[in-house]
There are 2 protein chains.
Amino acid sequence: MAIKNKTRYAILGVLSLMSGSGYDIKKFCDKTIAHFWNENFGHIYPVLAQLEEEGLISKAASSKDERRKEYSITAKGREEFCKWMMEPIEFQPARSELLLKVSFGSNIPKERVIEMIKLVKQRYESRLEEYRAMEESFLKNKKESEKPESVYWIAPLRYGIIATEAAIKWCEETISRLNG
Amino acid sequence: MAIKNKTRYAILGVLSLMSGSGYDIKKFCDKTIAHFWNENFGHIYPVLAQLEEEGLISKAASSKDERRKEYSITAKGREEFCKWMMEPIEFQPARSELLLKVSFGSNIPKERVIEMIKLVKQRYESRLEEYRAMEESFLKNKKESEKPESVYWIAPLRYGIIATEAAIKWCEETISRLNG
DNA sequence: ACAAACTATATCAGACTGATATATAATTTA
DNA sequence: TAAATTATATATCAGTCTGATATAGTTTGT
């Protein structure tokens with residue numbers, strides 16, 4: 001097999017915290033892990049069917065809504081998920097359009113490269129503001145932030161903040177290097 | 001169309017600097033842009049055929065080696081490449097296995113999470129050393145580093161250094177948060 | 001002389017993306 | 001109240017990217 005299916009584990013991870021439909025899983029992802037993990041319906045539904053077939057999750061029809069299928073993680077699914085959690089993190093190949101464009105920058109006027117980086121910097125800055133607002137509201141909510149498991153939610157957010165700050169620093173450095 | 005083919009532009013970018021075979025393009029990528037752009041044969045060869053059909057690159061058979069096909073960028077190809085270079089950078093969906101595992105960390109013993117991050121930190125540290133060695137050897141080579149276009153090569157490398165330093169900082173912060 | 005490493009192209013299953021289609025329920029607004 | 005909009009819910013598809021593998025000739029080192 002070429003690539004390991006990571007969506008499997010994202011879904012099992014979400015279902016380790018709550019039961020719900022494919023739609024609920026997508027909503028949970030968008031609300032909580034979107035800034036470092038992207039999930040889409042095109043992959044969620046086929047993987048849910050596959051996980052059910054393997055007995056890692058179970059399906060129950062909702063009484064209220066005919067359509068709605070509520071998925072829950074099984075003991076076997078929890079086992080499989082924890083097994084994956086213990087495995088070392090795999091190397092992830094990088095693909096940065098920004099750095100690709102910068103490295104071929106000599107093909108276009110220098111001013112356009114500077115413009116491009118300024119635009120990127122703006123995007124990073126508004127993202128940083130979002131992250132900081134999320135951090136602040138999390139720390140304010142003492143009931144949540146004083147739970148022992150809160151560290152697992154604050155750490156990814158801190159990554160976002162630290163990495164975005166670094167990216168902004170790089171933008172500034174690069175703009176001044178291009179100007180100077 | 002769902003996703004834009006980025007390999008197209010990576011190949012056109014490489015061919016904007018030099019002519020060569022598919023193998024040469026892969027070699028160039030591995031040597032110079034590998035730390036932020038991954039390319040593989042499985043995509044290079046079909047895209048080369050497609051680019052040739054569109055008249056963006058031209059193929060010439062080598063006199064020495066029957067097999068070898070040498071590709072060069074055409075004027076039309078250069079135009080298409082520059083057009084892409086001028087376009088704003090597209091949003092790239094993130095998928096960080098590290099942060100996914102951290103956020104579901106409550107499923108396994110805390111010590112295992114710390115272990116995991118320590119391993120990741122080691123990897124970042126050795127990567128940082130590589131980047132710093134690359135930077136040093138580039139700055140030593142005055143003939144190269146004093147060229148006006150050198151900024152386009154040093155900037156992506158600087159990104160690698162700054163981003164990796166930030167990642168290490170996050171590892172340290174997170175390990176102490178988990179311990180404390 | 002032989003093994004190992006390098007050059008070169010090609011193919012494939014499987015993973016992932018983003019767009020789109022469909023249809024009902026709930027909520028808002030004119 | 002009716003119309004419009006938004007939310008819920010599932011499904012499909014073309015196109016893109018990955019990593020492994022196959023094949024085969026050339027060069028280099030011992």
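Naming: A, B, ... by sequence-line order, numbering from 1 per chain.
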Using whole Å, report how far CG of A/Leu48 lies from C1' of C/dA15. 16 Å

Are OP1 or OP2 of C/dA15 and a side-chain N or O of A/Thr7 less than 4.0 angstrom apart? no

Interatomic distance, A/Glu90 CD vs C/dA15 P [rounded to whole Å]: 12 Å

Shortest side-chain distance from A/Tyr45, nucleotide among D/dC17, C/dT17, D/dA9: D/dA9

I'd like to know if A/Glu87 pairs up with B/Lys101 as an ion pair, taking the criterion as any Lys NZ or Arg NE/NH1/NH2 lying under 4.0 Å from an Asp or Glu carboxylate oxygen. no

Can you establish whether the number of heavy atoms outside B/Glu79 located under 6.0 Å from its atom CD is more than 12? no

d(NE2, A/His43; P, D/dT18) in whole Å: 15 Å

Toward the 5' end of DNA chain D, by each residue's nearest nucleotide, B/Gln50 or B/Gly42: B/Gln50

In terms of ring plane angle, is the pair A/Phe28 and A/Trp153 parallel, tilted or perpendicular, where the classes change at 30° and 60°? perpendicular

Does anything in residues 16-40 of chain B reach DNA chain D, meaning a heavy atom under 4.0 Å, and if so which residues? B/Asn38, B/Asn40

Quick one: B/Ile11 CD1 to D/dC17 P, roughly how many Å, whole number? 10 Å

Would you say B/Asn5 places a side-chain N or O within less than 4.0 Å of OP1 or OP2 belonging to D/dC17? yes

For B/Phe41 and D/dT21, what is the distance between atoms CZ and C1' respectively, to the nearest whole Å? 13 Å

Does the side chain of B/Arg68 get closer than 4.0 angstrom to OP1 or OP2 of C/dT7 through an N or O atom? no

Would you say C/dC16 has OP1 or OP2 under 4.0 Å from some side-chain N or O of A/Lys4? no

B/Lys6, nearest nucleotide to its side chain (from C/dT17, D/dC17, C/dA10): D/dC17

Between B/Arg8 and D/dT16, does any side-chain N or O lie under 4.0 Å from OP1 or OP2? no

Salt bridge present between A/Glu39 and B/Arg95 (N-O < 4.0 angstrom): yes

Rounded to the Å, how far apart are B/Phe91 CZ and C/dA19 P? 12 Å

Sidechain N-carboxylate O distance under 4.0 Å for A/Arg8, A/Glu54: yes

I want to check one thing: is the phosphate of C/dT17, taken as OP1 and OP2, less than 4.0 Å away from some side-chain N or O of B/Arg95? yes

Starting at atom NZ of B/Lys69, determine the distance to atom P of C/dT7, rounded to an integer number of angstrom. 18 Å

Separation of D/dA9 P from A/Tyr71 OH (nearest whole Å): 12 Å

Does some side-chain heavy atom of A/Phe104 sit less than 4.5 Å from a side-chain heavy atom of B/Phe81? yes

Regarding B/Lys169 and B/Glu173, does a basic nitrogen lie under 4.0 Å from an acidic carboxylate oxygen? no

